[in-house]
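These notes concern the structure reproduced below.
Heavy atoms only: backbone and side chains are in, while hydrogens, waters and symmetry mates are out. Here is the naming used below: chain letters follow the sequence lines, and residue numbers restart at 1 for every chain.
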Number of protein chains: 2
Amino acid sequence: MRVAEFDREFVLRQAMLAFMQFGYAKTSMQKLTQVTLLHPGSLYAAFGNKKGIFLAAIEQYQTDRNEQFTALFCPTQPVLPNLRCYIDSIVSECITGDAMKVCLLTKSISEVEGQDAQINEVLSANLNAYENALTQQFSRAKSQNEIQNVRSAQQLARFFAMSLYGLRTYALTNRDADALALLADDIFNAIK
Amino acid sequence: MRVAEFDREFVLRQAMLAFMQFGYAKTSMQKLTQVTLLHPGSLYAAFGNKKGIFLAAIEQYQTDRNEQFTALFCPTQPVLPNLRCYIDSIVSECITGDAMKVCLLTKSISEVEGQDAQINEVLSANLNAYENALTQQFSRAKSQNEIQNVRSAQQLARFFAMSLYGLRTYALTNRDADALALLADDIFNAIK
DNA sequence: CCTTATCTTGAATGTACACTCAAGATAAGG
DNA sequence: CCTTATCTTGAGTGTACATTCAAGATAAGG
């Protein structure tokens with residue numbers, strides 16, 4: 001007879017940013033109440049427990065990323081320039097140094113791998129979906145003769161995803177714009 | 001008038017393995033007492049606090065890795081075959097699924113980045129040293145005409161290091177031996 | 001073999017955490 | 001406007017944590 005007052009998307013994006021910045025273990029419920037502007041009772045009523053907030057935040061993260069992805073990789077445009085834009089946007093995120101410099105999925109799987117089966121499954125599924133989305137793009141690039149590479153679209157997607165994971169990790173200790181730009185060039189050249 | 005009874009290297013390697021498996025936050029002092037077979041008092045007397053144990057474990061990790069590295073990259077042998085062996089050994093570590101499948105340095109920097117200045121510095125310094133060691137190898141490979149790549153030795157080293165960071169991350173959700181072998185091939189081809 | 005400095009032991013301490021719950025507030029239905 | 005279901009509030013609870021410390025054990029020096 002009464003509707004929830006808080007904005008679910010706002011709450012989950014705030015939680016998402018906290019998890020990206022501090023990691024799962026170091027994001028306390030107190031910190032979550034602060035950034036979401038919700039009290040413990042409301043958070044527990046809405047999401048069950050800390051793990052529930054985390055899984056919901058991951059879902060929100062993936063939703064947001066999918067939107068960006070489909071917006072950037074418009075099917076009427078050639079793939080390669082879009083891929084280039086995509087890499088450059090990631091380099092930008094790495095340089096600015098805010099929470100988005102990390103990928104919530106890879107940061108989380110690196111932290112909690114082997115600790116919770118459910119979290120592992122969700123993260124794996126999302127990372128696989130990401131790889132599949134990239135495979136589709138490489139497949140289209142090949143069919144449009146944008147890429148004359150002998151490697152399969154899946155293989156190119158895997159290499160590309162792997163490289164981006166590495167790029168974000170590398171950027172954690174070297175935020176030099178030129179160095180990251182050169183690495184981005186290398187990645188781009190390696191998938192052409 | 002009495003000498004310490006425990007084997008410092010054993011203790012630090014056990015701690016190192018725990019930190020690699022569980023991460024910094026989830027490796028409790030209780031767990032450290034279990035794996036090191038030492039009581040809290042001894043650990044605190046020897047290393048000050050948990051952070052001290054962590055930093056000492058990182059030092060041990062780097063010492064061990066340097067030994068392996070200099071053993072593998074013998075200066076009388078050509079570089080490229082050694083690099084190939086090196087990648088393959090990392091792929092093996094990723095597949096076996098034990099603690100060594102992760103790099104303590106990158107896993108730690110991913111978890112605690114921005115949380116403790118001292119830990120950040122130590123991890124950054126060690127990762128830089130790793131990049132420099134790789135640069136030396138690529139430099140030698142170029143001077144011996146093993147590599148006709150136009151990119152600088154430093155650039156090749158950065159790309160190689162980045163790729164390995166990515167490979168280890170990728171392997172966390174896809175431990176398929178064939179997939180990892182193909183990615184290893186791609187990395188090797190991209191630096192030749 | 002006795003002294004003494006140092007190590008070892010593990011129970012105890014204070015703190016921070018995830019989580020609960022009962023009381024209070026508020027919106028929809030009649 | 002009153003009822004009632006649901007949300008909000010925040011103090012409270014039990015647990016797990018990092019850390020301490022005083023008592024006991026043990027090796028080296030004289």
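Remark: the backbone N or O of B:Leu32 is not paired with any side-chain donor or acceptor of B:Lys50 at under 3.5 angstrom.
The two residues B:Ala15 and B:Val35 come nearest to each other via the heavy atoms N-CG2, 4.5 Å. A:Tyr61 and A:Leu104 make their closest contact through OH-N, 3.3 Å (heavy atoms, listed as atom of the first residue, atom of the second, distance). Contact detail for B:Ala57 and B:Phe19: the closest heavy-atom pair is CB-CD1, 4.1 Å.
The aromatic ring centres of B:Phe47 and B:Phe54 sit 6.0 Å or more apart.
Here the options are A:Asp186, A:Asn174, A:Leu182, the test is side-chain contact (heavy atoms from CB on, under 4.5 Å), and the partner is B:Arg158; only A:Asn174 passes.
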Taking Watson-Crick and G-U wobble pairs with both distances under 3.5 Å, convert DNA chain D into its dot-bracket string, 5' to 3', dots for unpaired and | for cross-strand pairs.
||||||||||||||||||||||||||||||
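No side-chain N or O of B:Gln68 forms a donor-acceptor pair with one of B:Asp64 less than 3.5 Å apart.
Residue B:Phe6 is classed as a sugar-phosphate contact, given heavy-atom separations below 4.0 Å to backbone atoms only.
In this pair, B:Tyr86 and B:Tyr130 present their aromatic rings tilted. The plane angle is within the 30 to 60° band.
Taking 4.0 angstrom as the limit, A:Ser42 places none of its side-chain polar atoms (N or O) nearer than this to OP1 or OP2 of D:dC7.
Per the geometry, CZ belonging to A:Phe47 stands 18 Å off C1' belonging to C:dT20, to the nearest Å. In this structure, A:Arg8 places its CZ atom 13 Å from P of D:dT8, rounding to the nearest Å. Across the protein-nucleic acid pair, A:Leu43 atom CG and D:dT9 atom C1' stand 12 Å apart, rounded to whole Å. In this structure, B:Leu37 atom CG and C:dT8 atom C1' are separated by 14 Å, rounded to whole Å. One atom, NE2 of B:His39, and another, C1' of D:dT20, lie 16 Å apart when rounded to the nearest Å. If you take CD of B:Gln34 and P of D:dA16, they are 13 Å apart, rounded to a whole angstrom.
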Sugar-phosphate or base contact per nucleotide [nucleotides 13-19 of chain C; S, B, -; heavy atom under 4.0 Å]
----SSB
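The distance from the CG atom of A:Asn120 to the CD atom of A:Glu113 is 5.5 Å, given to the nearest 0.5 Å.
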